[in-house]
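One structure is given here, and the rest of the page talks about it.
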Amino acid sequence: MAAENIPYKIYLSEEELPRTWYNVRADMKNKPAPLLNPATGQPMGYDDLRPVFCDELIRQELDNDTREIPIPTEIRDFYKMYRPAPLVRAYCLEKKLQTPAKIYYKFEGNNTSGSHKLNSAIAQAYYAKQQGLKGVTTETGAGQWGTALSMACAYLGLDCKVYMVKCSYEQKPFRREVMRVYGASVTPSPSTTTQVGRRILAEHPGTTGSLGCAISEAVEVATTTPGYRYVLGSVLNQVLLHQSIIGVEAKTALDKYGVKPDIIIGCAGGGSNLGGLISPFMGQKLRGEADYRFIAVEPASCPSFTRGKFAYDFCDTGMVCPLAKMYTLGSNFIPSANHAGGLRYHGMSPVLAQLYHDGLMEAVAVEQTKVFEAAEQFARVEGILPAPESSHAIRVAIDEALRCKETGEAKTILFGLTGTGYFDMVAYEKFHDGQMTDTIPTDAELEASFAKLPRVPGQE
Ligand SMILES: *Cc1c(COP(=O)(O)O)cnc(C)c1O
């Protein structure tokens with residue numbers, strides 16, 4: 001079909017909302033490495049994980065074989081409130097860049113949480129409810145995941161306890177209030193409400209917290225409060241599975257118009273939106289049916305893929321969580337305080353880590369000032385005010401489109417626009433006032449962090 005016939009927005013009907021999630025692990029020859037028990041170094045099975053996670057979610061976490069997993073009707077009905085999400089042809093951006101490239105983006109910011117995180121939040125809350133639990137605990141950094149989970153819990157009548165990284169709690173009071181609108185209790189982390197919080201406060205008085213520390217607190221509360229489990233918004237296999245709805249919808253929309261992307265780009269924090277977006281396309285690549293270039297974009301100040309180690313590491317600071325094999329900067333790594341652009345987790349999804357390790361995916365690191373330049377360029381022509389996280393993908397999509405302009409190639413680029421940036425205006429303000437800098441960790445700093453990686457048999 002001729003390019004002119006493609007609308008600005010490709011909407012799918014409610015009927016076309018996917019009925020199954022796609023589990024890319026089923027098509028991977030090298031499966032992601034299992035989670036290990038930090039005390040014994042042994043792989044963790046279903047029974048080992050039950051005190052922490054919901055039963056059905058553990059089954060999904062461990063299932064490396066089932067290709068299609070049905071989306072329960074109740075979750076699908078919730079999805080219908082804000083999905084299918086539009087796939088947008090960025091005609092205005094293409095024109096502005098004067099590129100022959102064809103640019104598409106999948107927009108996930110069309111819900112109150114402002115990001116794709118709601119896709120997994122509703123699934124996780126649903127399985128908790130189905131198990132008869134009273135509530136769930138979690139951590140949140142910038143606040144998107146906490147907001148998404150609060151919304152899902154409110155809908156299903158579950159209690160939601162959120163540990164919010166203290167510096168965000170203080171800097172983003174509006175995020176906190178949104179969570180409270182949806183009935184969640186929000187505690188700044190580290191707090192005195194947990195043993196691990198008290199220990200961290202004693203060791204680091206005045207600390208403004210980190211994601212890894214908030215995770216430790218949330219896990220402790222889940223495992224010591226009857227009727228509660230812990231849920232996590234990224235990194236885990238189950239989260240990637242739920243987020244595959246992004247990719248399945250995008251592929252359905254493109255297939256309708258006979259469009260095949262050459263390059264698929266996504267920002268990578270813990271890897272869930274990128275993993276979800278690329279899943280069905282990666283499946284084709286793994287099965288030898290089609291080829292694509294996949295590009296993960298990460299901040300230069302927190303470069304897990306491009307400068308991290310493929311190794312087992314702790315997922316949290318308190319070292320209470322299972323060990324995961326991922327590209328990691330070390331669980332002690334804390335990105336510079338100057339870093340405003342999100343994506344600050346030290347590790348990366350084990351699924352994406354394996355795919356990257358096997359050469360099936362590329363990664364680039366970009367500096368935040370360049371990211372905000374791209375964000376603004378995009379906002380001014382496409383209208384949407386992007387989240388700083390999403391803008392990492394915009395940066396590289398623009399770079400690839402400009403490369404096409406040089407070579408004259410009319411490549412088709414698809415990128416994930418994960419959310420909106422209304423709660424990130426302090427970061428935009430810093431950018432506008434010329435106060436945004438790029439702090440890139442030195443090799444020595446990374447080596448010091450790697451030296452503290454846990455000792456695991458078979459890992460030097
Ligand atoms: C959380 C978040 C991300 C990064 O998380 P992933 O798990 O890597 O997808 C990206 N964009 C937005 C808007 C987010 O809220």
Side-chain angles (χ1 to χ4, degrees), residues 21-35 60-64 106 108 115-117 119-120 145 211 232-248 250-251 261 263-286 291-299 302-313 315 322-331 333 342-366 389-390 392-393 396 414-416 418:
W21 290 303
Y22 164 65
N23 180 5
V24 71
R25 284 169 283 160
D27 285 306
M28 288 169 71
K29 210 165 74 203
N30 299 325
K31 306 292 183 192
L35 298 171
Q60 295 182 352
E61 191 63 27
L62 298 177
D63 186 343
N64 286 339
K106 179 75 171 160
E108 291 290 325
S115 84
H116 64 286
K117 293 207 172 66
N119 301 332
S120 185
W145 167 245
L211 264 183
L232 179 62
S234 185
V235 183
L236 295 175
N237 298 340
Q238 56 187 278
V239 184
L240 234 87
L241 173 71
H242 305 147
Q243 295 297 356
S244 70
I245 191 155
I246 304 172
V248 175
K251 188 162 185 308
I263 309 173
I264 305 177
I265 300 166
C267 62
S272 74
N273 86 82
L274 174 66
L277 174 66
I278 70 174
S279 274
F281 302 97
M282 181 61 85
Q284 288 186 299
K285 182 163 170 149
L286 289 164
D291 198 15
Y292 303 95
R293 264 184 80 197
F294 300 105
I295 309 178
V297 190
E298 60 186 13
C302 191
S304 315
F305 271 131
T306 51
R307 294 175 68 201
K309 265 207 161 74
F310 188 40
Y312 270 105
D313 194 10
C315 294
L323 301 176
K325 189 170 184 186
M326 47 195 183
Y327 275 83
T328 179
L329 298 168
S331 61
F333 180 82
L343 311 175
R344 39 171 57 241
Y345 188 61
H346 67 274
M348 189 54 71
S349 139
V351 171
L352 290 188
Q354 189 64 49
L355 292 168
Y356 180 67
H357 190 68
D358 291 340
L360 291 155
M361 197 175 86
E362 304 164 37
V364 292
V366 291
E389 293 91 341
S390 323
H392 288 71
V396 172
L414 166 64
F415 73 89
T418 50

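None of the values given here were measured: they were computed from a predicted structure. Every heavy atom of this structure was used, including side-chain atoms; hydrogens, water molecules and symmetry mates were not.
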Nearest atoms (heavy-atom pairs only) where Lys325 meets Ala353: O-CB, 4.4 Å
Side chain to side chain contact (heavy atoms under 4.5 Å, CB included) assessment of Leu329 paired with Cys302: CA-CA 8 Å; Leu329 298 168; Cys302 191; 3.9 Å; yes
Sequence-distant partners of His346, ring-ring contact (aromatic ring centres under 6.0 Å, His included), two or more places apart: none
Main-chain N/O of His116 paired to Gln243 side chain as donor or acceptor, under 3.5 Å: yes
Val351 side chain reached by Met28 side chain, heavy atoms, under 4.5 Å: yes
Trp21: ring-ring contact (aromatic ring centres under 6.0 Å, His included) partners, not counting sequence neighbours: His242
By side-chain hydrogen bond (donor to acceptor under 3.5 Å, both in side chains) - contacts of Asp27 (at least two apart): Tyr22, Arg67, Arg287
Distance-minimising heavy-atom pair for Asp313 and Ser331: OD2-N, 2.9 Å
Set of residues satisfying side-chain hydrogen bond (donor to acceptor under 3.5 Å, both in side chains) with respect to Lys285, sequence neighbours excluded: Asp291
Heavy-atom closest pair, residues Leu352 and Gly271: CD1-O, 3.3 Å
Non-neighbouring partners of Tyr327 that pass ring-ring contact (aromatic ring centres under 6.0 Å, His included), sequence neighbours left out: Phe305, Phe310, Tyr356
Donor-acceptor under 3.5 Å (Lys251 side chain, Pro280 main chain): no
Within-4.5 Å side-chain heavy-atom neighbours: Val248 and Ser279: no
Test item: Trp145 and Ser234 side chains (from C-beta on) under 4.5 Å apart, heavy atoms: no
Side-chain touch Tyr312/Pro322, heavy atoms, less than 4.5 angstrom: no
Residue pairs, two or more places apart or on separate chains, that pass salt bridge (charged side-chain N to carboxylate O under 4.0 Å, His left out) and touch residues 355-365: Arg293-Glu362
For Pro299 against His392, the heavy-atom pair lying closest together: CB-NE2, 3.7 Å
